[in-house]
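As structure tokens, the structure follows; a few thoughts come after it.
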Amino acid sequence: MKDLSRINRELKDTIIIDNSPTSYFFHPECALPTISWYDDMNDKELFLFLPILEGLSTVSDVRKSLSKFVI
């Protein structure tokens with residue numbers, strides 16, 4: 001489990017991208033789930049997030065907008 005409150009940043013400006021829901025257990029409203037990429041040198045998953053991340057860079061609170069992208 002990763003406690004984002006320990007990084008001393010506003011949660012409204014913080015996103016965690018992780019393949020394990022356990023990792024963002026404390027802050028699911030800040031999570032952008034991804035697939036596992038272990039040993040896949042051709043993985044491009046993070047590139048697929050670029051449009052989402054660019055859009056989120058303009059909002060005042062990512063927590064309010066992330067739910068539009070996470071199913």
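- Side-chain contact between Tyr38 and Asp43 is absent, with no heavy atoms from C-beta onward closer than 4.5 Å.
- Remark: Ser20 OG to Met1 CE distance equals 9.5 Å, nearest 0.5 Å.
- Considering CD1 of Ile15 and CG of Leu53, their distance stands at 5.5 Å, rounded to 0.5 Å.
- For Asp13 against Ser60, the heavy-atom pair with the smallest separation is OD1-O, 4.2 Å.
- For residues 49-58, the set of pairs meeting the side-chain hydrogen bond (donor to acceptor under 3.5 Å, both in side chains) definition, not counting sequence neighbours, is empty.
- Note that the OG atom of Ser5 and the CD atom of Glu10 stand 12.0 Å from one another [nearest 0.5 Å].
- Counting heavy atoms from C-beta outward, Leu66 and Leu56 have side chains that approach closer than 4.5 Å.
- Put simply, the side chain of Leu11 does not reach to within 4.5 Å of the side chain of Asp61, judged on heavy atoms.
- By the 4.5 Å heavy-atom criterion applied to side chains, Ile17 and Leu46 are counted as neighbours.
- Under the 4.5 Å side-chain heavy-atom criterion for ILVMFWY residues, no single connected hydrophobic cluster contains both Phe49 and Ile16.
- For the atom pair Leu48 CG and Thr34 OG1, the distance stands at 8.5 Å (nearest 0.5 Å).
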Quiz: residues 21-30 side-chain donor-acceptor pairs under 3.5 angstrom, not counting sequence neighbours:
{"residue": "Ser23", "atom": "OG", "partner": "Asp18", "partner atom": "OD1", "Å": "3.3"}
{"residue": "Ser23", "atom": "OG", "partner": "Asp18", "partner atom": "OD2", "Å": "3.4"}
{"residue": "His27", "atom": "NE2", "partner": "Asp3", "partner atom": "OD1", "Å": "3.1"}
{"residue": "His27", "atom": "NE2", "partner": "Leu4", "partner atom": "N", "Å": "3.4"}

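- Partners of Ile7 under the side-chain contact (heavy atoms from CB on, under 4.5 Å) rule, at least two apart in sequence or in another chain, are Arg9, Thr14.
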